[in-house]
*Asks:* 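The following block contains the structure, expressed as structure tokens.
Here the structure is a predicted model, which means the values were calculated and not measured. Proteins get letters first, then strands, A, B, ... in listed order; numbering begins at 1 in each.
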Amino acid sequence: MLSLFLRDTRLGLRAGGGMLVGILFFLAIIAVVPFGVGPDLKLLGRIGPAMLWIGALLATLLGLDRLFQADRDDGSLDLLVMASERYMLALTVLVKCLAHWTTSVLPLVVASPLLGLFMNMQPSAIGATTLTLLVGTPAITLIGAVGAAVAVALPRGGLLVSVIILPLTIPVLIFGVSAAYGAVEDPAPFVAPFLILIAITLFFTVIGPLAAAAALKSSAD
Amino acid sequence: MRLVAENLAGGRGGEILFSGLNFALSGTEALMITGPNGAGKSTLLRIIAGLLEKTEGHIRLDGAPAGFENVDAACHYLGHLNAMKPVLTVEENLRFWQLFHGIAHITVAEALERVQLGDIGHLPFAYLSTGQKRRASIARLLISYRPVWLLDEPTAGLDKTSEEQFAGLMRDHLKGGGIVIAATHLPLGLDNPQELVMGGNGHVRTRRWEARS
């Protein structure tokens with residue numbers, strides 16, 4: 001299993017892996033916001049956590065459709081499915097998701113403090129947003145795995161995957177943003193939404209791979 | 001060890017391609033599946049590999065070595081696609097499959113020697129020619145041990161010399177007590193394999209390869 005993780009990480013880091021594309025897309029979204037809402041620094045600071053979360057969500061969706069399709073195109077997926085006697089297919093899916101998160105989503109989390117400066121956010125808000133992104137984005141990848149597995153047989157499934165999974169990621173967005181606001185605005189709680197965010201991630205760590213494995217099994221032809 | 005298929009039926013998209021198919025192979029025996037395009041050769045191989053659901057019937061492996069009780073766990077599948085990543089080198093690709101499949105048989109370097117690719121293991125897979133890609137993919141069968149080889153048009157893209165070398169590799173595998181099932185249009189250079197002729201209309205019969213004129 002470690003070998004699969006290392007292979008997928010290596011693929012993600014080499015040319016065509018899409019890591020840089022994700023960061024650039026994230027940067028582009030955040031960079032156009034001040035042009036859209038105007039140069040009101042207070043307003044930018046207030047909507048900062050939400051904009052970072054929306055940007056990270058969209059940038060995460062960007063490469064998700066290739067999660068299984070690349071393996072299907074070169075025939076590796078057949079061998080991964082055949083190995084389900086040795087390794088449970090859901091475990092294989094989980095490892096692929098982890099590798100995808102490490103190479104495509106973790107860089108977004110790392111870049112988010114810098115982009116927070118663009119939005120004139122206070123240091124505490126930047127810290128809280130980065131922390132909630134770190135905890136919440138795995139859930140987006142794991143939900144996305146289900147969409148990617150369902151659409152794996154479709155030649156142009158990219159947009160479809162986003163449309164399928166975007167509604168499912170809304171709870172992650174709600175609790176991620178409310179936890180980030182909870183850290184800076186006094187009456188709002190931080191711990192409760194943050195714990196729910198963790199719970200959502202753990203929940204989809206179990207459900208996501210199982211559902212994706214079932215979809216992959218039935219899509220083999 | 002004995003691979004037995006009983007009353008097997010299979011199809012694609014709800015349409016039955018073949019039915020009532022029976023065969024039995026013991027270790028050291030090879031089966032060649034022949035027939036016109038669309039007769040269901042690849043479908044049969046994918047059913048044996050567990051990648052497609054069979055419509056009816058049973059496949060089982062009697063007296064399998066420990067760890068290979070389940071048919072799909074006992075199979076190496078070489079399909080039309082090579083299952084290699086173009087941006088990784090040939091060695092990286094093979095080392096990954098060896099670690100992932102487990103039960104290491106021979107080292108990656110030895111396997112590359114056997115398929116005459118010893119000097120280009122460091123190149124990215126994308127740089128290889130069609131025949132070299134096929135040979136790299138044949139090396140995948142050698143690095144991890146599986147008693148049953150399922151081969152779908154294994155010699156596609158290979159030149160005459162490589163075909164003969166591949167026939168040698170298959171004979172070695174059979175000598176070691178393995179089973180080879182190959183869908184092919186060309187004689188693969190095996191000694192006296194069983195032949196399964198699949199007709200386009202679901203008609204199936206078996207015969208010995210020798211009997212063919």
*Asks:* Taking side chain as C-beta onward, heavy atoms only, is B:Leu51 less than 4.5 Å from B:Tyr77?
*Replies:* yes
*Asks:* Taking B:Thr43, B:Leu99, B:Asn70 one by one, which has the highest count of heavy-atom pairs under 4.5 Å against chain A?
*Replies:* B:Asn70
*Asks:* At a 4.5 Å cut-off on heavy atoms, which part of A:Asp73 comes close to chain B: side chain, backbone, both, or neither?
*Replies:* backbone
*Asks:* Distance alone, cut at 3.5 Å: any donor-acceptor contact between the side chains of B:Glu164 and B:Thr161?
*Replies:* no
*Asks:* With heavy-atom distances below 4.5 Å as the criterion, would you say the side chains of B:Pro147 and B:Met1 are in contact?
*Replies:* yes
*Asks:* When you check the gap from the basic side-chain N to the acidic O, do B:Arg46 and B:Glu53 get nearer than 4.0 Å?
*Replies:* no
*Asks:* Among B:Asp72, B:Asn93, B:Leu88, who wins on heavy-atom pairs under 4.5 Å with chain A?
*Replies:* B:Leu88
*Asks:* Between the side chains of A:Asp8 and A:Arg10, is the shortest nitrogen-to-carboxylate-oxygen separation below 4.0 Å, so that they form an ion pair?
*Replies:* no
*Asks:* According to the interplanar angle, ranging from 0 to 90°, do the rings of B:Tyr145 and B:Phe68 count as parallel (below 30°), tilted (30 to 60°) or perpendicular (above 60°)?
*Replies:* perpendicular
*Asks:* Answer yes or no: is there an ion pair linking A:Asp74 with B:Lys133, defined by an N-O contact shorter than 4.0 Å?
*Replies:* no
*Asks:* So which bits of residues 78-86 of chain B come within less than 4.5 Å of chain A, counting non-hydrogen atoms only?
*Replies:* B:Leu81, B:Asn82, B:Ala83, B:Met84, B:Lys85
*Asks:* Considering only heavy atoms from C-beta outward, does the side chain of B:Leu31 approach that of B:Leu3 to under 4.5 Å?
*Replies:* no
*Asks:* Under a 4.5 Å cutoff for heavy-atom pairs, which residue among A:Thr92, A:Val81, A:Leu80 has the most contacts with chain B?
*Replies:* A:Leu80
